[in-house]
Chemist: 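Before we start, here is the structure in question, set down as structure tokens.
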2 protein chains.
Amino acid sequence: MDHPTAVLLFDVLASGVRLDAFRLLVRKEPEGMVAGDIAAVLDVPPTNLSFHLKALTQARLLTVEQEGRFQRYRANIPLMLDLIAYLTEECCSGRPEQCAK
Amino acid sequence: MDHPTAVLLFDVLASGVRLDAFRLLVRKEPEGMVAGDIAAVLDVPPTNLSFHLKALTQARLLTVEQEGRFQRYRANIPLMLDLIAYLTEECCSGRPEQCAK
DNA sequence: TTGATTGTACAACAACTATTGAAATAATGG
DNA sequence: CCATTATTTCAATAGTTGTTGTACAATCAA
């Protein structure tokens, strides 16, 4: 993962609504959830949730698939694992013993 | 780590300057660096760097110590490890096998 | 086709964030 | 002391982000 991508991912995760949505979808893997259900669970107006889901999707943290008139969202777990790997790398560089605990 | 804290940390890391500053200081552990040197390496005006170092410090990602008329900054690596643990937890919840790779 | 439902796009606005130069603060050295 | 150096604070500005309501496109059910 390159640094601009990491910055983008942090930016997208730096919102209570978006972080909650992502966490919710991780727990709902692999079925995912449709937008309306996410809005209901998180108690966020649909228009606002759509705004945040779009940001997450553009950052590739979510995938979206049309299902009739529903939009089904799923968490992109491999990308999150890449981000974790990036952070671990940054954190240890020059000091590998720091991450051994 | 609780969620508001994670959101705050993502927010602080969601800036090219701040992420670069943090990465630089991780590589400079355990000596750290003084503000002027960080500004020189990153090629950022001191006034702007000060703004970003303050944000990082308030989020506890950096520590600062006065050293004569210099301010020496160091990376708070344990906090980053906590953040990595939080992300790993979120990523695996409900799907432990996802993180086993 | 009609009418209801799902979700997004758009526009408007308030609130927040980043950047900069100038001034202020604080510590050092002569 | 006074000048110098290091860093922060402040004020101004530009740009970005989040929230909401309204409108719209797509789908489905009858």
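Each chain gets a letter, A, B and so on, in the order its sequence line appears, and its residues count up from 1. Computed from a prediction, not measured in an experiment: that's the story for all the values here.
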Chemist: Considering only heavy atoms from C-beta outward, does the side chain of Arg18(B) approach that of Leu53(B) to under 4.5 Å?
Modeler: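 A side-chain contact under 4.5 Å is absent here.
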Chemist: Going by side chain to side chain contact (heavy atoms under 4.5 Å, CB included), Leu19(A) matches just one of Leu56(A), Val12(A), Leu13(A). Which one?
Modeler: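 For Leu19(A), the side chain to side chain contact (heavy atoms under 4.5 Å, CB included) check succeeds only for Leu13(A).
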Chemist: Rounded to whole angstrom units, what separation is found between the CD1 atom of Ile38(B) and the P atom of dT8(D)?
Modeler: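 Checked: the CD1 to P distance equals 9 Å.
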Chemist: Atom CZ of Arg27(A) and atom CZ of Phe22(A): how far apart are they, to the nearest 0.5 Å?
Modeler: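 If I round to the nearest 0.5 Å, the distance is 11.5 Å.
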Chemist: For the pair made of CZ in Phe70(A) and P in dT6(C), what is the distance, rounded to whole Å?
Modeler: 6 Å
Chemist: Would you mind reading off the distance between Arg72(B) atom CZ and dA6(D) atom P, rounded to a whole angstrom?
Modeler: 13 Å
Chemist: I need a per-nucleotide contact map over nucleotides 17-30 of chain D, read 5' to 3'. Cutoff is protein heavy atoms under 4.0 Å; write B for the base, S for backbone only, - otherwise.
Modeler: SBBBB-----BS--
Chemist: Check the distance between dA18(C)'s C1' and Lys54(B)'s NZ and give it to me in whole angstrom.
Modeler: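 Taking atom C1' of dA18(C) as the reference, NZ of Lys54(B) is at 14 Å.
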Chemist: Decide yes or no for Leu8(B) and Gln58(B): does some side-chain heavy atom of the first lie under 4.5 Å from some side-chain heavy atom of the second?
Modeler: no
Chemist: OP1 or OP2 of dT6(C) sitting under 4.0 Å from any side-chain N/O of Tyr73(A)?
Modeler: no
Chemist: Measuring only between side-chain heavy atoms, which start at C-beta, is Val44(A) closer than 4.5 Å to Phe51(A)?
Modeler: no
Chemist: How many Å lie between CG on Leu8(B) and C1' on dC16(C), as a whole number?
Modeler: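 To the nearest whole Å, that distance equals 15 Å.
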Chemist: Determine, for Arg74(A) against Glu65(A), whether the closest basic-nitrogen to carboxylate-oxygen distance falls under 4.0 angstrom.
Modeler: yes
Chemist: Quickly work out the Asp37(B) CG to dA6(D) P distance and round it to whole Å.
Modeler: 9 Å
